[in-house]
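To find a chain, count down the sequence lines: A is the first, B the second, and so on, and within it residues start at 1.
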Amino acid sequence: MTVRTRFAPSPTGYMHIGGMRTALFCWLWARHNRGQFILRIDDTDQQRNIDAALGPILDAFRWLGLDWDEGPEVGGPHAPYFQSQRRHLYDAALKQLLDSSRAYRDFESPEETQAQREAAEKEKTVYISSRASLSLSEAEVQKLLAEGKPFVVRLLVPRADKVVINDHVRGQVEWDCSLMPDPVVARSDGSPLYNFATVVDDAALDITHVIRAEEHLPNTPIQVLLHRALGNKTPEWAHIPYVASPGSKEKMSKRKISKYRTNPQFQKLFELGDQVLSRMGIDPTSDALSPVMVAYYKEMGFLPAGVLNALVRLGWSLDDQAEFFTLDEMKRKFSLERVIKSAAGLDPDKLLNFQAHWMSQLPADEKLTGCLPFLKKAGLIEDENDAATQTLVASVIELAADRIRVFGDIFQLDEFFVADEDLKIDDKNFQKRVVKPEAAVDLLRDLRTQLANAVSFDAASLHDLLQAFAAEKQVKVGDVFPALRLCVTGKAQGADLFRSLELLGRECVIRRLDRSIGLAESQRAS
RNA sequence: GGCCCCAUCGUCUAGUUAGGUCUAGGACAUCGGAUUUUCAUUCCGGUAACAGGGGUUCAAAUCCCCUUGGGGUCACCA
């Protein structure tokens, strides 16, 4: 039997990072078994449905390289894959349920049902459906129907039964049907509810394994009962723990972003994100983009490999050693049996670490094509196809080495792209190392002369020149290197100073030195 | 509150199915040290956990029970 799994998102306008992890496990299980992965869009709730809301979800799948065999855009033998377009199937199944008396029309008003619920709660008893409509005679039912009295259709729960499943990750789980209210299967307008549509579709699409987040566990007995009532073969289940927010066991939620901002474990990620996104003209504090969403990581310049690796290790492990997996390795080694039962908090630090690892593995030309769009978007380069620009960027990337963990980190080396007058100088350190020390400016002025007259301007020669200069002036290198760096790059620290000077070029270095010396002098005067 | 789920270092986890090899392993973070002109990297090393209580057993992180704690879910949402 071919394994068929599905991921069934609602079009919400963004792809949740936790949902992505569930989808990954789903995909992995299908691929591991050489089966099929289906994308189905659960958009039965029409009011909440927006057309553009699907785009970001498909984008996330494409970005991470998770392909789907059937679903939106690619179609498939069971098309359409939008629940909103499969109404006829639900109608037919509804008729089957009614005809076989596995479901009934409930004429009770919502208010009445609600009142019963509250009454049960007040008496601390379990609420189960009154089933008052069941005692209506056939004639009475026909009369109510003729009058147009609204009703919902409820599944007639077999109260004597038990539902037992053998979940791939949680083992045996069971429910007592005598404690269950009869679930609504179709609204008064005849439209299907989630649990019903899901069951009809899972059966129609021949889904063999329903792999979904743990919060669906309470839906499972209802779905099992529905499958039974419809005469379907029930699929196998695997309930994956949800992704919790860092350091907690609470489900990660889009609504709690402001809370996450103050979470120390989120610190580094937010800092990096704020820095990169603001540079690209995206308001990092806006709710439109946050660490809860897959797009956030894409926009910052994460690699699919980094995100994927972090996600797969959230709730799954191969053994007591392995940490790094390519998508291909995951595919081969993944198993549901090794999925952990408890909720796993996202670990931003570890995510960053996985990312740094895969970035370090990336060939130079791919780093280049990755960084170029970021520089372009930030307005730091004009034309990303220009050969000279590409050469410069490639050199900067090589110089930056492992300082670039995400593509957005290229902004840390912005001194190679900004015009001299736009160079921002770290004022605090500039004061400390250039303005305040008595001898600094004179030293820099002499250095400027030597640099201007240097025979060659390559890193090795510059290194020798600077060493000799310090010796000649009888000062520590620590008194001149940092000052020089501040003057030409604006930063207190960074990549190799001599290679930076070489890459910047003599003219640029001299110009910036002049500018900084002037700046220091005027500040010293005032 | 009902139903259901979960419980090993700060975090992600190995070990629990077949009890001894676990004075509990790895990774991230953190702290020290080495390398480096700075930063980053790299390399060495340290701190750090079986929620509690009862059983069962020669032996329990592993099995059973209870307690506690955490979480999910209780719609004519998905």
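Close to B:rU30, at under 4.0 Å from its OP1 or OP2, lies a side-chain N or O of A:Lys268. At the phosphate of B:rU37, neither OP1 nor OP2 sits under 4.0 Å from any side-chain N or O atom of A:Lys476.
No hydrogens or angles were tested; on distance alone, a donor-acceptor pair under 3.5 Å links the side chain of A:Asn219 to the base of B:rA78. Taking 3.5 Å as the limit, the base of B:rC12 and the side chain of A:Lys350 contain a donor-acceptor pair of atoms between them.
When heavy atoms are screened at a 4.0 angstrom cut-off, A:Leu217 is found touching the sugar-phosphate backbone but no base atom. Among the protein residues, A:Gln114 comes within range of no part of the nucleic acid, since none of its heavy atoms lies under 4.0 Å from any strand. Within 4.0 Å of A:Arg212, counting heavy atoms only, lies no atom of the nucleic acid at all. Heavy atoms of A:Pro482 sit nowhere under 4.0 angstrom from any nucleic acid atom. Counting any heavy atom pair closer than 4.0 Å across all strands shown, A:Ala344 reaches sugar-phosphate atoms only and no base atom. In this structure, A:Gly345 reaches the sugar-phosphate backbone alone: every heavy-atom distance under 4.0 Å involves primed, P, OP1 or OP2 atoms, never a base. Contact annotation for A:Lys341: backbone-only contact, meaning every heavy-atom pair under 4.0 Å involves sugar-phosphate atoms and none involves a base. Across all strands shown, A:Arg338 has heavy atoms under 4.0 Å from sugar-phosphate atoms exclusively, and none from any base. A:Asp319 comes within 4.0 angstrom of the backbone, heavy atoms only, and of no base. Residue-level contact check: A:Lys491 touches neither bases nor backbone, having no heavy atom under 4.0 Å from any strand. Base engagement by A:Ser188 is indicated by at least one non-hydrogen atom pair under 4.0 Å involving a base atom. Among the protein residues, A:Leu351 comes within range of no part of the nucleic acid, since none of its heavy atoms lies under 4.0 Å from any strand. When heavy atoms are screened at a 4.0 angstrom cut-off, A:Ala120 is found touching no nucleic acid atom at all. Residue A:Asp496 is classed as a base contact, given a heavy-atom separation below 4.0 Å to a base.
Taking atom P in both B:rA78 and B:rA18, the straight-line distance is 42 Å, to the nearest Å. Nucleotides B:rC3 and B:rC22 place their P atoms 42 Å apart, quoted to the nearest Å. Atom P of B:rC44 sits at a distance of 13 Å from the matching atom of B:rG26, rounded to the whole Å. B:rC9 sits 16 Å from B:rU23 when the C1' atoms are compared, rounded to a whole Å. A distance of about 9 Å separates the C1' atoms of B:rU30 and B:rG10, rounded to the whole Å. Rounded to the nearest Å, the gap between the P atom of B:rA61 and that of B:rU16 is 14 Å. Separation of the C1' atoms belonging to B:rC6 and B:rU42 is 40 Å when rounded to the nearest angstrom. Nucleotides B:rG33 and B:rA60, compared at atom C1', are 40 Å apart to the nearest Å.
The six-membered or imidazole ring of A:Phe25 lies away from that of A:Phe7, with a centre-to-centre distance of 6.0 Å or more. Less than 6.0 angstrom separates the ring centroid of A:Tyr194 from the ring centroid of A:His216. Residues A:Trp68 and A:Tyr81 place their aromatic rings such that the two centres sit no closer than 6.0 Å.
In the set B:rG72, B:rA75, B:rC5, B:rA75 carries the atom at the smallest distance from any side-chain atom of A:Arg117. In this structure, the nucleotide among B:rC4, B:rG72, B:rA78 sitting nearest to the side chain of A:Glu215 is B:rG72. Out of B:rA78, B:rG26, B:rC4, the shortest distance to the side chain of A:Val173 is found at B:rC4. Checked against B:rA14, B:rA78, B:rA29, the side chain of A:Asp349 finds its nearest nucleotide in B:rA29. Of the candidate nucleotides B:rU41, B:rC76, B:rG26, B:rC76 has the atom lying nearest to any side-chain atom of A:Arg187. Closest to the side chain of A:Arg170, from the set B:rC6, B:rU37, B:rG2, is B:rC6.
If you measure from atom CE of A:Met180 to atom P of B:rC4, you get 12 Å, rounded to the nearest angstrom. In this structure, the CZ atom of A:Arg403 is 10 Å from the P atom of B:rC39, given to the nearest Å. Going from atom CD1 of A:Ile240 over to atom P of B:rC4 covers 21 Å, rounded to whole Å. The CD atom of A:Glu323 sits 7 Å away from the P atom of B:rC28 (whole-angstrom rounding). The CZ-C1' distance, from A:Arg105 to B:rC76, rounds to 16 Å in whole Å. If you take CD of A:Gln267 and P of B:rU11, they are 18 Å apart, rounded to a whole angstrom. To the nearest angstrom, P of B:rU16 lies 11 Å from CG of A:Asp320. Between A:Asn353 atom CG and B:rA40 atom P the separation is 15 Å, expressed in whole Å.
Nearest-nucleotide positions on RNA chain B place A:Ile340 closer to the 5' end than the other of A:Ile340 and A:Val477. Comparing A:Pro218 and A:Ala8 along RNA chain B, the residue whose closest nucleotide (by nearest heavy atom) sits nearer the 5' end is A:Pro218.
Between A:Arg6 and A:Asp42, none of the side-chain N atoms (NZ, or NE/NH1/NH2) sits under 4.0 Å from a carboxylate O, so this pair counts as no salt bridge. Between A:Arg313 and A:Asp347 there is no salt bridge, since no side-chain N of the basic residue sits under 4.0 Å from a carboxylate O of the acidic one. With respect to the salt-bridge test (charged N to carboxylate O, under 4.0 angstrom), the residues A:Lys473 and A:Asp479 do not qualify. Between A:Glu250 and A:Lys256, at least one side-chain nitrogen of the basic residue sits less than 4.0 Å from a carboxylate oxygen of the acidic one, meeting the salt-bridge criterion.
Among all heavy-atom pairs drawn from A:Ser188 and A:Val152, the shortest one is N-CG1, 3.9 Å.
Judged by distance alone, the side chain of A:Lys268 and the main-chain N or O of A:Pro348 form no donor-acceptor pair under 3.5 Å.
By the criterion of a centre-to-centre distance under 5.5 Å and near-parallel planes under 30°, the ring of A:His216 forms no stack with the base of B:rG72.
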